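One-based numbering along the sequence shown. Everything quoted here is computed from the prediction, not taken from an experiment.
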Amino acid sequence: MQDSGRPALDEAAAVFAEVRPRLFGIAYRMLGSAQDAEDLLQEVWLRWQTADRAKVHNPGAYLATATTRLAINATQTARARHETYVGQWLPEPVDTTADPQLGAERAAALELAVLMLLEKLTPNERAAYVLREAFDYPYDQIAEIVQTTEVTARQYVSRARKHLAAERRTPATAPEQRRLLTAFVAAAQSGDLPALEQLFADDVVSYSDGGGVARATKIPVVGATTVAKYIRAFHDRFWVGVTVTPVEANGQAAMLVEKDGAKVALVTVSATTDGIDRVLWILNPGKLESVSA
C-alpha cells in the first residue's frame with residue numbers, strides 16, 4: 001500500500017531545506033551556539049511537518065517567524081545558563097568558509113565580539129536587530145514576527161544600534177584584522193612583551209572560555225600592559241608542541257591550535273583603528289567541533 005502522505009512530506013522537506021541556511025543564521029545569531037541553533041531548527045522542522053501547510057501562503061516567512069519566536073524564548077533560557085557557566089562564556093564559533101554570511105543578506109551580527117555584545121540586549125531587541133541588520137527585513141515584517149507595532153520594532157533596532165555603537169569603535173578592515181591576528185600570535189608564541197603591547201588598544205580585554213573543562217582564566221584580563229604580561233606568562237607552556245593553522249570563523253580570520261591531532265583552542269581578535277581591543281580564547285573542546293583546519 002502506497003503512503004499517500006509521502007509526496008507531501010517530501011515537498012515539505014524540500015521547502016525546509018531551501019530556507020534552512022537562513023533559519024540557521026537567525027537561530028545562531030540569536031543564541032550564539034551552533035548546537036542550540038540546530039536543536040531549535042529540529043523543533044521548527046517538527047512543527048512544519050504537522051502544520052496545515054495548505055494554508056501557508058509564504059512558507060519562508062512562516063518558518064522564519066517560527067524560528068525567531070522560538071529563539072526569543074530560548075534566548076531567555078540560554079542567558080540563565082550563561083550566568084551559571086563556569087568562567088567566561090563565549091559564543092560557539094562556526095566555520096563560514098562555505099557560507100560567509102550564514103544565510104543572510106549581509107554578514108552583520110556574526111562576529112564573535114558582536115555576538116557577545118548582543119547578549120546584553122533584550123531578546124526582542126536582539127531579534128529585531130538581527131532581522132534588520134543581517135537579513136534586511138522590512139520593519140512591518142519585523143513587527144509581525146516579534147509581535148509588536150512597527151514603531152516599537154524601529155525602537156528595538158535603534159536601541160540595539162546605539163548600544164553596539166557605544167560599546168564598539170569603528171572595526172578594522174578584514175585584511176587589517178588578519179594582519180593583527182598573525183602578528184599577535186607570533187608575539188604571543190615568542191613572549192615578546194613590547195610587541196604585544198604595541199598591538200593592543202589601551203583598554204584591550206582578553207576573554208578565555210574553558211567551560212570548566214579546559215584550563216582557562218575565569219575572569220577577563222584588562223589593559224594593554226596587564227594582558228601582555230598575562231600572555232607572556234604562559235607562552236612557554238601553551239604554544240609548545242602545537243600546530244597553528246589559519247582558519248575562518250564567523251566571517252573573520254582566526255587561528256586553530258592543535259596538539260597531537262586534537263583541537264586545543266581557537267584564537268581570534270577583534271580590532272579597531274586603535275589596535276586589538278578583544279582577544280578571544282575558545283578552549284572549551286565542545287565548542288571547537290565545527291571548526292576545521
Side-chain angles (χ1 to χ4, degrees), residues 32-33 78-79 81-93 109-121 126 160-173 176-239 244 249-250 252-255 257 264-284 287-288:
S33 165
R79 182 172 291 174
R81 285 207 316 271
H82 300 166
E83 289 173 356
T84 59
Y85 192 81
V86 178
Q88 174 69 48
W89 178 88
L90 293 178
E92 178 187 351
L110 188 55
E111 295 173 27
L112 293 170
V114 173
L115 290 174
M116 289 177 68
L117 295 177
L118 293 184
E119 282 277 298
K120 298 179 181 180
L121 303 178
R126 186 166 183 166
R161 284 173 176 163
K162 286 176 183 175
H163 175 78
L164 265 66
E167 294 269 350
R168 195 171 189 234
R169 295 181 288 272
T170 304
T173 62
E176 179 65 1
Q177 185 264 347
R178 188 179 300 109
R179 183 193 72 78
L180 287 168
L181 172 65
T182 303
F184 164 74
V185 170
Q189 286 177 308
S190 63
D192 188 337
L193 193 64
L196 286 168
E197 287 191 68
Q198 193 171 11
L199 291 168
F200 293 150
D202 290 341
D203 57 353
V204 62
V205 185
S206 176
Y207 299 95
S208 303
D209 179 345
V213 181
R215 187 176 180 181
T217 305
K218 292 182 180 178
I219 59 172
V221 182
V222 184
T225 301
T226 306
V227 173
K229 288 179 178 178
Y230 158 72
I231 290 169
R232 184 180 66 173
F234 60 78
H235 84 278
D236 55 352
R237 299 189 304 278
F238 181 80
W239 300 103
V244 181
N250 295 63
Q252 282 196 312
M255 295 288 186
V257 183
V264 175
L266 182 88
V267 183
T268 190
V269 301
S270 69
T272 71
T273 50
D274 294 330
I276 294 171
D277 65 342
R278 297 286 186 276
V279 183
L280 307 179
W281 308 80
I282 298 171
L283 304 156
N284 184 343
K287 293 186 176 183
L288 300 174

If you round to the nearest 0.5 Å, how far is [atom2] of [Y] from [atom1] of [X]?
X    : Y    : atom1 : atom2 : answer
I282 : L90  : CD1   : CG    : 5.5 Å
E167 : K162 : CD    : NZ    : 15.0 Å
E92  : L112 : CD    : CG    : 10.0 Å
E83  : W89  : CD    : CH2   : 12.0 Å
L117 : L164 : CG    : CG    : 5.0 Å
S208 : K218 : OG    : NZ    : 12.5 Å

Within 6.0 Å of CG in D274, more than 12 heavy atoms from elsewhere: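 Atom CG in D274 is crowded, with more than 12 foreign heavy atoms closer than 6.0 Å.
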Within 6.0 Å of CD in E176, more than 12 heavy atoms from elsewhere: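 Yes, CD of E176 has more than 12 neighbouring heavy atoms, counting only those of other groups under 6.0 Å.
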Do [X] side-chain atoms and [Y] backbone N/O form a donor-acceptor pair below 3.5 Å?
X    : Y    : result
T170 : T272 : no
Q177 : V269 : yes
H235 : R232 : yes
K287 : D209 : no
E119 : R79  : no

Measure the shortest side-chain to side-chain distance between [X] and [Y] over non-hydrogen atoms and say whether it is less than 4.5 angstrom.
X    : Y    : answer
R179 : T173 : no
F184 : L196 : yes
L199 : L180 : yes
Q252 : L181 : no
N250 : T268 : no
W239 : V244 : yes
T225 : E197 : yes

Distance-minimising heavy-atom pair for [X] and [Y]:
X    : Y    : value
A224 : A201 : CB-O, 3.7 Å
L283 : A214 : O-CB, 3.3 Å
L118 : A109 : CD1-CB, 3.9 Å

Sidechain N-carboxylate O distance under 4.0 Å for R168, E111: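 Salt bridge between R168 and E111, a charged N being under 4.0 Å from a carboxylate O: yes.
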Short side-chain donor-acceptor distance under 3.5 Å, Y230 and T217: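 Indeed, the side chains of T217 and Y230 share at least one donor-acceptor pair under 3.5 Å.
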Mutual orientation of the aromatic rings belonging to W281 and F234 [parallel < 30°, tilted 30-60°, perpendicular > 60°]: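 Perpendicular.
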